[in-house]
Structure formats: C-alpha cells, structure tokens
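These notes concern the structure reproduced below.
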Amino acid sequence: MSTSAESPPVSRLFSVYLHGLAFLGGFNVMLLEMCAFRVLQTTFGSSIYVTGVLLALVMIALSGGYYLGGRFSQRNASLEFLLGVISLAVVYVWVTGGLLSEPLLDFSFGLRKVFSSGLAGHLVPPAVATLIFYMAPMLALSHVSPFLIRLLATNARGVGATAGNLMAVSNVGSIVGTTLPSFVLIPLLGVPTTLGIFIGSLGLVVVTGLVLVRKRAPVAAIAGVVVIAAAVATPVAHDAWAARASAAAARPVFESESLYGNVKIFRSQDDDGDEKLEFMPSRDYVHSTVYPGRPLKDQFTTAYANVGLSRGAGRYLILGTALGGVVSAILEANPQAKITAVEIDPLVMDLAQRYLPAMRSPNVRRVVEDARLFLREDTQEYDYIVVDIFSGEQIPAHCVSQEFFSLALARLAPDGVLQMNTNLWDFHITTGLEKPEPFVPVRHIHSALLRAGFASLFQSDFFEHGHVYAFRQATPEAEVRRALARGALDPAVEPNLRASYGMTALALVPIPDAERELRPFTDNWLPEHLLHLKDNFDQYLRALARARQLPEWKSQVEAAGDGQLRFISARHYADVGASGAPSYDGYRAYMKGDGGTAYCQEVLAWARQAPSNTLFLDLSRYLHTRVIHACERSLESQATALPGAGTSEGAFRRYVSAALLVDDNQGAKAVPLLEEILKAQVVL
C-alpha cells in the first residue's frame with residue numbers, strides 16, 4: 001500500500017505551516033554550518049583539514065538523520081514527534097553553543113596536547129568539537145524532510161510532487177541560510193547572536209505547531225517565553241564565559257568579531273614600564289607584539305626588517321600588517337621609507353591605525369586585500385617584502401607555494417629581498433641514521449623559493465620560528481653578515497636595532513642550493529597538517545629515539561664525544577624521545593632533571609675547545625634558544641674569569657648572555673656584549 005493512499009488531505013493553513021517548516025529547516029541547517037565554520041576557524045585555524053572534518057561529519061549527521069527520519073515517520077507520522085525532535089535540538093544548541101561553549105571549546109582545543117603529532121593532531125581536536133557542538137542538532141534537523149513528505153503526501157499530489165516541492169522550499173531556505181549569516185548575521189552580530197536566531201526561529205516554529213495541532217495556547221505561551229529567554233540568553237551566556245576566561249588571563253582593551261575571526265588586543269606594561277600591545281586573532285596565539293612608544297624594542301618584530309634596513313632599502317611591502325608592528329619599526333629606523341601595508345581584515349587595519357600613529361603616516365599606503373590577489377594586481381616595485389601571513393598558527397596554503405613566491409619575485413627590485421616568518425623550524429640535529437628522516441616542511445619552502453627564482457637564501461632560527469631571507473640576486477654570506485655587523489657597531493643606530501642587527505649577524509644560516517632538489521610546495525601539493533612547528537619537534541624526538549637503538553649509534557654518534565655540538569644535542573634529544581614523552585613537555589621535564597644538567601655541562605665543555613671559524617654557525621644550527629634558557633644558570637655561572645671575546649669560550653659566554661637579553665626584549669643591554677663579539681670575530 002502506498003504512503004500517499006494512507007495520508008488524508010491537509011488543510012491549506014497546515015500545508016503553509018509545513019512548507020514554512022521546510023524552509024526554516026534548510027535555513028537553520030546552513031546557518032548552523034556557517035557558525036561552525038567560524039567557530040572552528042577561530043579555534044583551530046582554517047586549513048583544508050579543519051574544513052574537511054567539518055563537512056564530512058556534517059554530511060554523516062545529515063545522512064543518518066535522513067535515514068532515521070524516514071524510519072520514524074513510518075512508525076509515528078505525527079507532527080508532535082517531529083516538534084519534539086526539533087525542541088531537543090534547540091535545547092542542545094542553547095546548552096552547548098550558549099551556556100557551555102567556552103569550556104567545551106577549551107576541552108577540544110586542549111586535545112591538541114594529546115594528539116600532538118602528524119595528521120591526528122590536526123583532525124581529532126576539530127572533529128571532537130564538531131561532534132560535541134553540531135552532530136546532534138544536524139541529526140535532528142535532517143528529520144524534517146522525511147516527516148514533512150510523509151505528512152503532506154496525498155493521492156491527488158503524489159509522493160514525487162510533494163517531495164519535489166518540499167525539497168525546493170528547503171533548498172531556498174538553505175540558500176538564505178548560507179547568504180544571510182555569511183554577509184549579515186555573523187559579520188555584524190557575531191556567532192552567539194546568530195545562534196540566538198537559530199534558537200528563536202526554531203522555537204517559534206515549535207510554539208506555532210503546538211497551537212495548530214493541540215490548540216494549547218497556555219502551553220504555547222509558556223514555551224514562547226522560554227524560547228525568547230533562551231534566544232536572548234545565548235549571546236549573554238557566551239559573553240559571560242568569554243569574560244570569565246579573559247579575566248583569568250588578562251582583560252583585552254578591545255574584543256570583537258571580524259570578517260575573519262575573533263580579534264583581541266591586550267595592553268600591558270613590561271618590566272621596564274613600557275606600554276606593550278598584543279594582537280591575538282585566534283584562540284591562544286599572539287600574532288604580534290608592539291611597543292607603541294618604542295617600536296624597535298620587540299626583537300622578534302624588528303628581526304623582520306633588520307636585513308632590509310641594513311641594506312638601505314627604501315620601498316617596503318608588508319604582507320600581513322596585523323597591528324602594524326613592522327611598519328612602526330621601519331619608520332622609526334627610517335622615517336623616509338615608503339611602505340605599502342596589506343592586511344586582509346578591514347577591522348584589523350582600522351585597529352592598527354587607531355592604536356599605532358605610524359600607521360597613519362602619509363608614507364604608508366594601506367591596502368585591505370588578500371596578499372596573493374594584491375601581488376597579482378600590483379605593478380609597483382619594492383626593495384624589501386615582508387611576508388607574515390597566518391590563519392591561526394599556520395600560513396594559508398595559497399601563500400606558501402612556488403606560485404606565490406613567483407608573484408612576489410616579480411614585485412622585487414633587482415637587488416631586492418623577501419623576508420618570511422614561516423613558523424617552521426629546521427632543527428638540524430639529525431645524525432644520518434634516522435629512517436625515515438623527519439619531514440622538514442621549511443626545506444620545501446626553501447625549494448619553492450629557489451625554484452621561483454630566488455638566488456640566495458638564509459634562515460635564522462634564533463626565535464625558533466624560521467625567519468627566512470630570500471635574495472633575488474646571488475649574495476655572498478659574508479656580505480650579508482658584514483652589513484648587519486656594521487649596523488650593530490654604529491653608535492648612531494638605535495640600541496634595540498643594533499641588538500637585532502648583531503644577533504642576526506651571528507645567527508644566520510645559509511641554505512644550500514641543493515635544497516631546490518626537494519619537492520617544492522606548490523598549489524597542487526601542500527600537506528597543510530605538516531605546516532606546524534610543534535609537530536615537527538615531536539617528529540625529531542621520535543626519529544632520534546629510533547635511531548638511538550641502532551648499532552651504528554655508538555660508533556657514529558656517541559664516539560663523537562664532546563667534539564661536535566650537533567651530536568651532543570642529538571644524543572640528548574634522543575634521550576627525550578626514548579623517555580616515553582616525545583614532546584615539548586617531555587623536553588622540559590628532561591631539562592629540569594639530571595639529563596638537562598649533563599646536556600648543559602657537555603655544551604660548556606664543547607665551547608671551550610670549539611673552532612672559532614665555525615662557532616656561531618654551529619650554535620645557530622644545533623644550540624636552540626630553548627636550550628640556552630634551560631641551561632641559563634649553568635651557562636652563566638662560571639668559576640673562572642671571563643676569557644676574551646677573541647676566544648671560543650669567551651665569545652660563547654658573551655653570546656649566551658646576549659641571547660637571553662635579546663630574547664627578553666632587552667636589546668639595549670645586549671649591545672655591549674654583541675659589540676665585543678663582532679669586533680673580535682674577524683670571520684664576520
């Protein structure tokens with residue numbers, strides 16, 4: 001017996017209501033999905049993996065809901081049952097998306113520490129968040145279409161025509177549910193208020209249905225009051241949790257949602273009493289630190305521009321302006337510089353002008369544009385290009401490929417330089433025994449740069465973020481170091497900039513041309529889950545721990561004794577990997593124990609007899625800044641008098657002291673130490 005034969009005709013009013021329910025079902029499925037994109041983006045970044053997880057799980061939920069809805073509609077073809085399912089979805093979204101959103105997101109985000117390596121670390125946390133927040137309501141909302149087809153199908157119209165009409169109406173709702181949140185609700189009102197609209201619209205549908213079916217006006221009135229209260233309380237509860245979380249750390253001076261995520265700005269004072277602003281557009285990742293009154297003080301930011309300033313560059317392009325720290329640093333050092341500042345987020349560009357006077361300079365051309373689109377359309381020539389583009393902790397895939405670098409190269413002057421913050425560290429401490437050798441993503445960026453046409457590459461990992469300097473023309477290493485050293489030794493230069501010059505002169509590592517033979521990152525091949533610094537560290541630890549089990553380890557690595565810093569570091573990192581905690585937390589625990597003490601002592605022993613001509617190259621490659629911090633007391637407390645800066649031990653001990661100061665934004669105090677080193681080390 002057909003379904004249509006069993007279904008009595010429905011009234012015109014009831015039919016209109018059911019078609020309205022179809023519209024709102026499609027509308028709210030897409031509204032919830034657009035909210036999901038924003039929540040996951042601002043929490044986990046916007047990589048293809050996060051998007052893929054969300055879409056796959058939503059489709060699984062919808063498929064399951066269609067199946068269950070079809071089965072349930074055969075057993076209980078009543079509107080009351082469907083309204084009950086929708087009510088559960090409304091309550092669920094109110095509790096998870098409104099009342100408990102922040103703690104649940106904190107829980108999901110914290111899973112990155114559990115699944116900290118490889119693809120799992122990028123899939124599991126957003127997958128868990130998707131399951132918690134969106135699986136249940138999507139499952140519930142996908143019951144709507146099967147039930148409505150069952151309720152509306154009649155002999156006169158037939159199942160096919162009924163299904164076609166309902167699906168068309170639902171699809172129109174989906175179109176509105178995609179465009180309205182994308183262009184109006186989320187940009188102007190934010191996710192919490194948009195979820196309030198979800199709750200309110202579906203709640204009113206339930207209330208109206210109760211009136212039509214049961215004629216229970218008092219019950220419907222009470223339900224309506226509850227729905228309105230829930231819709232209003234959702235953004236209020238969300239803001240209350242956010243305020244509580246902010247109070248636990250530091251209260252932002254500005255907080256809002258933009259077209260591209262949540263934007264927070266924190267204001268504080270450092271130990272010297274200088275005002276400091278921190279820009280935070282993702283859940284726990286500070287994208288830039290700016291000292292409005294002393295723009296060159298933040299050594300990490302100044303390192304972006306120091307090579308360009310040392311070469312006398314006059315025309316700068318900043319891709320990824322953020323709060324304008326690099327712009328301020330350049331204009332502080334060279335007020336005549338001409339700067340084009342490109343930022344994709346209009347709100348962030350407005351905030352940069354509000355908080356940093358340099359961003360309002362007539363020498364700054366401000367452009368709100370995607371960086372790659374800007375490079376395609378721009379026709380100007382620049383002496384120095386800074387690439388500092390991130391979504392969360394990762395570079396967007398379209399801004400790290402060979403094709404992107406080719407566009408940047410076309411905008412450079414013949415002697416121009418491109419500087420890039422990759423957030424990718426080359427640890428350099430493999431021994432040759434690792435099978436397989438850890439995947440080092442920054443080397444594939446090197447290959448992409450070389451194949452795009454850049455002639456000379458250098459990298460500084462002093463800040464453990466992979467600052468790459470790519471020269472259009474072949475440029476000798478000695479020339480780059482000398483230009484930086486001259487700036488560091490010039491008393492007319494601002495002290496913090498002198499410190500930046502000096503440390504970079506010591507920390508640069510030349511990139512061999514052989515790396516062009518590696519597979520370059522391109523638009524067609526870019527494993528996004530590997531563009532993550534912390535995962536790379538874990539891979540090194542595990543690979544070294546495996547190599548430590550090989551018979552060749554003793555003859556090739558341990559036999560090197562204290563003579564090679566590379567093998568000293570490799571041995572201790574291998575011990576961390578073999579300790580059962582191959583992670584940064586495991587490393588910190590190791591450095592606090594006997595293993596760390598032994599590591600520091602071996603480094604000191606190496607420094608006393610290290611060859612001076614390779615001292616700083618070895619330090620830059622194999623003695624990471626985190627080790628210097630962990631060994632601070634051992635490396636600074638010496639029973640003997642400080643040897644001259646011309647000796648390996650004397651240069652090393654001064655380098656350690658200067659490194660600690662520079663990393664703590666105490667550049668002016670580091671200048672005398674760096675001066676001694678640079679004057680004594682004739683290799684520069």
Side-chain angles (χ1 to χ4, degrees), residues 16-42 46 50-66 69 82-83 85-94 96-98 101 129-130 133-149 163-209 227-228 230-232 234-235 238 257 259-261:
V16 171
Y17 169 77
L18 294 181
H19 280 82
L21 180 54
F23 176 88
L24 286 176
F27 172 84
N28 280 297
V29 163
M30 293 312 301
L31 179 146
L32 193 60
E33 191 166 352
M34 299 313 296
C35 289
F37 275 116
R38 168 52 64 87
V39 170
L40 293 188
Q41 174 198 26
T42 56
S46 56
V50 174
T51 303
V53 162
L54 172 62
L55 291 176
L57 290 178
V58 166
M59 295 305 294
I60 290 171
L62 293 176
S63 298
Y66 293 142
L82 178 59
L83 294 178
V85 172
I86 295 174
S87 298
L88 290 175
V90 169
V91 172
Y92 189 91
V93 170
W94 177 47
T96 59
S101 61
T130 302
F133 285 98
Y134 309 111
M135 202 73 170
M138 290 293 187
L139 192 70
L141 289 176
S142 55
H143 280 59
V144 171
S145 293
F147 266 87
L148 295 185
I149 292 171
N165 289 342
L166 287 171
M167 295 306 293
V169 171
S170 178
N171 196 53
V172 172
S174 297
I175 294 170
V176 177
T178 302
T179 55
L180 191 61
S182 298
F183 300 109
V184 180
L185 299 181
I186 294 177
L188 298 182
L189 303 178
V191 169
T193 302
T194 303
L195 289 178
I197 292 172
F198 172 95
I199 293 169
S201 62
L202 286 180
L204 290 176
V205 163
V206 171
V207 171
T208 304
V227 167
I228 293 171
V232 173
T234 297
H238 182 279
E257 286 191 44
L259 294 174
Y260 296 92

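Scope of the values below: all heavy atoms of this structure, side chains included, with no hydrogens, waters or symmetry mates.
- Within 6.0 Å of the CE atom in Met135, the count of heavy atoms belonging to other residues, nucleotides or ligands exceeds 12.
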Task: Step-by-step side chain to side chain contact (heavy atoms under 4.5 Å, CB included) determination, Phe23 to Val176 - done: CA-CA 9 Å; Phe23 176 88; Val176 177; 4.1 Å; yes

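- Here the closest non-hydrogen pair linking Pro137 and Ala89 is CA-CB, 4.1 Å.
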- [ ] Starting from the C-alpha separation in whole Å, work towards a yes-or-no answer on side chain to side chain contact (heavy atoms under 4.5 Å, CB included) for Leu21 and Leu82.
- [x] CA-CA 11 Å; Leu21 180 54; Leu82 178 59; 3.8 Å; yes

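- Side-chain atoms of Asn171 do not come within 3.5 Å of backbone N or O of Met167 as any donor-acceptor pair.
- With sequence neighbours excluded, the residues forming a ring pair (Phe, Tyr, Trp, His ring centres under 6.0 Å) with Phe147 are Phe81, listed by chain and number.
- If you take CD1 on Ile149 and CG on Leu18, they are separated by 12.0 Å, rounding to the nearest 0.5 Å.
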List, one per line, each side-chain donor-acceptor pair under 3.5 Å for residues 139-146, sequence neighbours excluded.
residue : atom : partner : partner atom : Å
Ser142  : OG   : Met138  : O            : 3.1
Ser142  : OG   : Leu139  : O            : 2.9
His143  : ND1  : Leu139  : O            : 2.9

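- Side chain of Tyr92 to backbone of Phe133: no donor-acceptor contact under 3.5 angstrom is found.
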Task: side chain to side chain contact (heavy atoms under 4.5 Å, CB included) between Leu57 and Tyr134, intermediate numbers included - done: CA-CA 9 Å; Leu57 290 178; Tyr134 309 111; over 6 Å; no

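- Here the shortest heavy-atom pairing between Leu83 and Val205 reads CD2-O, 4.2 Å.
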Let me have the donor-acceptor pairs involving side chains of residues 29-39, under 3.5 Å, with sequence neighbours excluded, atom names and distances please.
residue : atom : partner : partner atom : Å
Arg38   : NH1  : Glu257  : OE1          : 3.2
Arg38   : NH1  : Ser258  : O            : 2.9
Arg38   : NH2  : Ser258  : O            : 2.9
Arg38   : NH2  : Leu259  : O            : 2.7

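- Distance alone, capped at 3.5 Å, places no donor-acceptor pair between the Thr193 side chain and the Gly190 backbone.
- Atom-to-atom distance recorded for Thr194:OG1 and Ile199:CD1 is 11.0 Å, nearest 0.5 angstrom.
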